[in-house]
Amino acid sequence: MKINGKFPAWKKKKRKDNDGKRIKNGTKIVSINGISRQNGGQEPNLAMLSVKKKKKLRKKKINGTATIQMKEELMNSTVQMTNGVLTKKTNIELKQIITASSPPKTTQSMTPKSINTNSTPISKKPNVATPSKNTEPKPKNSPREDATYEKFIRPQLPIDVVEQQLMHELASQETLIVIGETGSGKSTQVPQLCVRAGIAEKGLIAVTEPRRVAAVSLASRVAVEMGTDLGGAVGYHVRFENVTSHRTKIEYMTDGIVLRKALVSPLLDKYSTVIIDEAHERSLHSDVLMCILRKCQAQRRGTDNPLRLIIMSATLQADKFQAYFDNAKVVLVSGRTFPIEVHHVNPKINKSFSATDYVYNTVICVKHVHLTEPKGHDILVFLTGSEEIEAVAYQLAELNGSLPREADFILPVPLYAALRPEKQREAFQKTPQGARKVIISTNIAETSVTIPGIRVVIDSGKVKTKRFEASNRIDVLKVHNVSKAQAKQRAGRAGRDAPGKCYRLYTREDFQKFDAENMPEILRCNLSATFLELMKLGMKNPHRLGWIDPPESQNIDAALLELTSLGAIRPINSDRSKFVLTEMGDVFCMYPLSPEHARILFQAQKEGCIMEAIKIVAAMQTDALFSGGSDSKSDAEVERVRRKFETREGDHITLLKIVLTTNDFFDQLNAKTEADARYNKSNKSLEREYNEAIRKFCNDNMINEQHLKTGSMIEDQLKQIAIEQNVKFSTCGADFSKIRKAIAVGLFLNSCEYDRQEDRYRLMINPAITVKIHPSSALSRSKPAYIVFSELMKTNDLYALQVTLIDADWVRPLITEHKKIRKNHLAETAQRIQQIVKVEPKAKKQKLNATF
DNA sequence: GAGCACTGC
C-alpha cells in the first residue's frame, strides 16, 4: 500500500471491476449498512489526511523492528561466512532473503501445511503443549547448540496416539497411506518413526515436499527434535542448496529434486523409503513421482533392497490413492486445529448482495467484521490478483475516515508473490497497538506462508488459475471458483492459534456446486517437459501410462507432436504409438528447462553463441527482471530507463543487455571492494557498502534484485551442465543475429507473420489464430514482419509476451516439417483410437502392465 | 497501449 507520493497505478486510470462497473478515478459510491457515502478521489478530506499521518507513524514503528531483525540475521551469517570471497556474498544475501520471507522458524512454529477443517464448528480441543517424553538422546555438540536442544521439549502430537499402529504397519507393509490433518505431526514424526523402526539401515529415508520452504523448515525442525545438526542425520536438498552429508538418514527434498535424481539413477536405490508428503495437492511433480515410484517399487520387489512407499495426504482422496497403490493400508491421524465458525452469505438477509462483485463485498465484509469482532483479532482476506488487492487495500484505508471514534484503526496489508520481499514481510510484523491488521492476499497465504495471529478469514471463493488449451497451445489465465477442499483450507487459516471465524462471500448453495477437489496440475498444463523426462526413464507409450488421473488424449498427443517437431523424440513403430528419445532429446533432459528452451541452447551451440544463449535462457526462467512501474518512479523516468535497455531486435536481446550491464557493474564493484579491502576497511562496513551499491544499482535501473540473483544462479547451473556435456563455449559478440536465430529455432512453434489488414500477427503453424504483441514489449509499436514469442497468454485478448524479430527463412523449413508430422500424427491417432476401442477391457489391462 | 495466481528442476 502506497502511503506517500502518488496514488497507486490502478487508481489513475479508469478501470472495469468484475461487475463491469466503471470505477472512475477512485470515486465509487460505497454503501455500508444502508448509508451511502462518497469517497472522492479528487478531494481528499481531512479525515483522510489524518489517516495518512497515523499510518505513516505506524509504518515507522514497523520498519524499525524490521531493521533490527534484519541486522541480526546479517550478523549471524557474517559470522559463518567471514572467510568467504566477496563475490560469494551475493549468495549469502539471497539465502537471507529466502529465510526472511519464509514463516518465522521457531521451535514452536510448524511448516506451512495444508489444513482440512469442517465447515461446521469442530468440537475437538487442541492438546495443550505439555512437557512429554524426550525421545532422543541429548546431543554432544558445541555449547551453543547444546543450549538450543535443552530448551526443546516436543509437545504431544495427535500422531503419538497411533504410534504403535504406525510402527506395526511400517514393519509389514510395502506401501502405506497416512491421512492426517494439519497439526497431526505426520510430516515431522513419520520419518523419525521410520528411523526408529530400523528401516533407515538399508538406505535413506526420502521425504518429498512440494515447496522449498517446507523442505527446509521441516528438516530444521526434525534436526532439533533428533538432537543433531542440520546436514547431519537430518538434511535437506532443494535447488541450489544441498545440506546433506554421508551421515544423513532423513533427507527432506522438493519433489522436483527427487524427479531429477530419478533421471540419473532410475531405481533410486540409495533410498529405502520414499515418503510423499502433501500428496493431496496433486502437484505435477508428485503425480509423476507416484507414477514412477510405483514402477520402481515393482522392480525392486524381491531384491534385498525393496522400496517402501508412504503417501501422506490431508484430505479424503484416500480411496483414489488406495486403488492406485493396490489396496494399500490406510492409517488415519486426527488433526489439531481450533474450531472454526463458518458463515455464508445469506441473500435473504443481505439484500444488496451481488455474487459477481466480490471486491465490493469484501470491503463491506471487512467493515462488518471490524465493527463486531473483538479488538486484536486480525483478518485474512483471499482475493485473486494484485490489482484487486491494491484496490481493496486503498478502499480500506479510506474507510478509516468514517469509523466510529472508539473503533480501532484498520491496517490493510497486501500480500502476493510479485510484491517486493520487504513489503511481503509487513504481513508478518506484529500488529501495532490500536490497529487491526487486514491482510489481503492471493492464494499464497493458503499453503506457502503462514501468518500468525489470524482469527478471521474472509473468502471471496475465487482464485486465478492458469490452464493449458492443448488444441491451440495457449495458456489461459482466468478467475475460477475455488474447490470445496480449497475453501476448507482457506477457512482453516483462521484456526492456527485459537478458535476462529470464516466469512464466505458466497451462498451455501454456491458452495455445494463447487468441485470437491482442486484440478490436478497434470490435467491443466503442457505435458511436453514431463514426457521428455518419462521417456528418459524408458516410457514408450504415454497413452498407456498408469496415472492417478490420466490427462486427456488430445493433450497427450499435443505434447508428443511438440516433442517430435522439436526433434527430441521419434516414433519407433509404424503406427506411431511408441516413441523413443533422440540423441538431442537425451541432451535436453540434462537441463532443467522446457524442451523449447533446451532447444535454444542446442542451436546456440551450432551458431556459436552459447554464452549469450545461456544468459538469455537463464533470464527467461525468472520473472520480469525489469520492474518498471515501482511506486516511487514517475512514468517518464520508467520510460527513460526502459529505453536504455530496449533494442530494435526484441525483448530477448533486451534481456541480454540487462544481464550484460549488471555483469559489468558487478565486475567493477568487486574490483572496487577488493581494492578497499586492501586499505583495511572492516568486513562489516565493506559488506554494507557492497550491498548498498547493489541496491542502488538495482533501484536506479529498476531491476528486481531478487529475480536478478535467481537468474544468475540459474545461469551458473546451466553453465555447469554445459561443462559436463562437454559443450564448447562460444560467444557471438555484437552479432546478435546468431542468437536470434537460435531463439527462433527453439521457439519456432511460436513464430508469427504480420497481417497488415488485420493489424495482428498470424501464428505460422496455425494461421487461424491471430495474436497481438503485448504493449510491454519493445516491438509492440514497430510491428516487424516476422517474430517469435516466448509465451502466449489469453487474458482480455490473446497476447504474445517476450517477442523477438526473426528472419522467416530460419523457421520455414521447421514449420513445413511440423505440418507434415502433424498430418501423419492426426491420421495415426485416429487409427490408434480405433484399435483401442476394439481391445477387450481385460486384455487392455494386461497390456497396461506390460508396457511403460 | 495492457495490467499476470502459485509452485518447481
Side-chain angles (χ1 to χ4, degrees), chain A residues 8-10 12-16 112 208-215 237-242 253-264 278 281-289 382-391 415-419 441-449 460 462-467 475-480 482 486 518 521 524-525 529-530 532-533 588-594 597-598 618 621-624 628-629 635 639 710 713-714 717-718 720-721 759 772-777 779-781 783 791-802:
Chain A
W10 62 269
K12 289 188 304 183
K13 292 165 197 160
K14 292 174 183 179
R15 59 173 277 278
K16 268 191 170 181
T208 81
E209 296 292 331
R211 280 167 293 278
R212 302 167 50 149
V213 261
H237 190 171
V238 297
R239 193 179 194 180
F240 309 128
E241 249 188 308
N242 184 355
M253 288 177 275
T254 39
D255 37 26
I257 285 276
V258 187
L259 265 180
R260 283 274 130 195
K261 289 193 176 185
L263 290 189
V264 184
E278 315 284 16
E281 282 190 24
R282 305 297 305 276
S283 78
L284 174 66
H285 286 159
S286 84
D287 268 24
V288 174
L289 260 183
F382 284 104
L383 287 173
T384 72
S386 57
E387 199 187 3
E388 257 166 42
I389 288 173
E390 295 293 352
L415 180 68
Y416 46 89
L419 208 60
S441 170
T442 59
N443 41 349
I444 192 173
E446 240 170 58
T447 48
S448 305
V449 298
S460 64
K462 302 285 177 190
V463 63
K464 206 174 272 181
T465 38
K466 207 172 177 177
R467 288 186 189 171
D475 282 321
V476 184
L477 193 65
K478 227 176 107 183
V479 173
H480 297 270
V482 296
Q486 207 171 356
N518 294 357
E521 196 180 352
R524 52 181 177 85
C525 70
T530 300
L532 194 70
E533 284 165 359
F588 288 3
C589 286
M590 304 319 291
Y591 292 94
L593 297 170
S594 71
H597 292 177
Q621 311 308 307
T622 65
D623 295 327
D635 286 357
E639 266 312 291
T710 311
M713 290 209 282
I714 295 173
Q717 194 186 16
L718 296 180
Q720 193 53 45
I721 296 167
D759 190 26
K772 261 169 130 174
I773 298 181
H774 194 273
S776 64
S777 164
L779 298 186
S780 66
R781 277 156 293 189
K783 293 177 183 163
E791 206 184 342
L792 203 56
M793 180 69 81
K794 192 172 171 182
T795 47
N796 287 325
D797 199 337
L798 208 48
Y799 288 106
L801 303 172
Q802 255 178 12

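Labels below follow one simple rule: chain letters A, B, ... track the order of the sequence lines, proteins then strands, and each chain is numbered from 1. Remember, it's a predicted structure, so these values are computed and weren't measured experimentally. No hydrogens, no waters, no symmetry mates; every other heavy atom, side chains included, goes into these values.
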Testing dC6(B), dC4(B), dG8(B) for proximity to the side chain of T442(A), the answer is dC6(B)

task = With the side chain counted from C-beta on, respond yes when L477(A) and T465(A) share a heavy-atom pair under 4.5 Å apart, and no when they do not.
result = no

Between A417(A) and K783(A), the residue closer to the 5' end of DNA chain B by nearest nucleotide is K783(A)

ask   = If you measure from the Lys or Arg side-chain nitrogens to the Asp or Glu carboxylate oxygens, is any gap between E388(A) and K464(A) under 4.0 Å?
value = no

Comparing R524(A) with S594(A), nearest DNA chain B nucleotide closer to 5' gives the residue R524(A)

Practice task
Run the salt-bridge test on K261(A) and E533(A) with the 4.0 Å N-O cut-off and return the result as yes or no.
Solution key: no

Rounded to whole Å, CG of D255(A) lies from P of dT7(B) at a distance of 14 Å

Between the CD1 atom in I714(A) and the CZ atom in R239(A), the distance rounded to the nearest 0.5 Å is 4.5 Å

Rounded to whole Å, CE of M713(A) lies from C1' of dG8(B) at a distance of 14 Å

When rounded to whole Å, the CG to P distance for the pair L289(A) and dG8(B) reads 15 Å

L284(A) atom CG is separated from dT7(B) atom P, nearest whole Å, by 16 Å

Side-chain atoms of R239(A) come closest, of dC9(B), dC6(B), dC4(B), to dC9(B)

- Quick one: label Y591(A) by what it contacts on the DNA or RNA (base, sugar-phosphate, nothing), any heavy atom closer than 4.0 Å. nothing

Exercise. Is it true that the side chains of S283(A) and H285(A) contain a donor and an acceptor less than 3.5 Å apart?
Worked result: no

E281(A) CD to dT7(B) C1', in whole Å, measures 9 Å

Is the shortest side-chain N/O distance from S386(A) to OP1 or OP2 of dG3(B) below 4.0 Å?
no

Closest of dC4(B), dT7(B), dC9(B) to the P592(A) side chain is dC9(B)

Using a heavy-atom cut-off of under 4.0 Å over every strand shown, decide if L801(A) touches base, sugar-phosphate, or nothing.
base

Base, sugar-phosphate, or nothing: which does S780(A) touch, judged by heavy atoms less than 4.0 Å apart?
nothing

When rounded to whole Å, the CG to P distance for the pair L593(A) and dC9(B) reads 13 Å

- Message: Between the side chains of D759(A) and K772(A), is the shortest nitrogen-to-carboxylate-oxygen separation below 4.0 Å, so that they form an ion pair?
- Response: no

With the side chain defined as heavy atoms from C-beta on, P775(A) is closest, among dG1(B), dC9(B), dC6(B), to dG1(B)

Strictly below 4.0 Å: does N796(A) bring a side-chain N or O up to OP1 or OP2 of dA2(B)?
no

Rounded to whole Å, the NZ-P distance (K478(A) to dA5(B)) equals 16 Å

message = OP1 or OP2 of dC9(B) versus the side-chain N and O atoms of R212(A): is any pair under 4.0 Å?
response = yes

Heavy atoms under 4.0 Å, any strand shown: does T254(A) hit a base, just sugar-phosphate, or nothing? sugar-phosphate

Q. Looking across every strand, which nucleic acid part, if any, lies under 4.0 Å from I257(A) by heavy atom: base, sugar-phosphate, or nothing?
A. sugar-phosphate

To the nearest angstrom, the CZ-C1' distance between R211(A) and dA5(B) comes to 13 Å

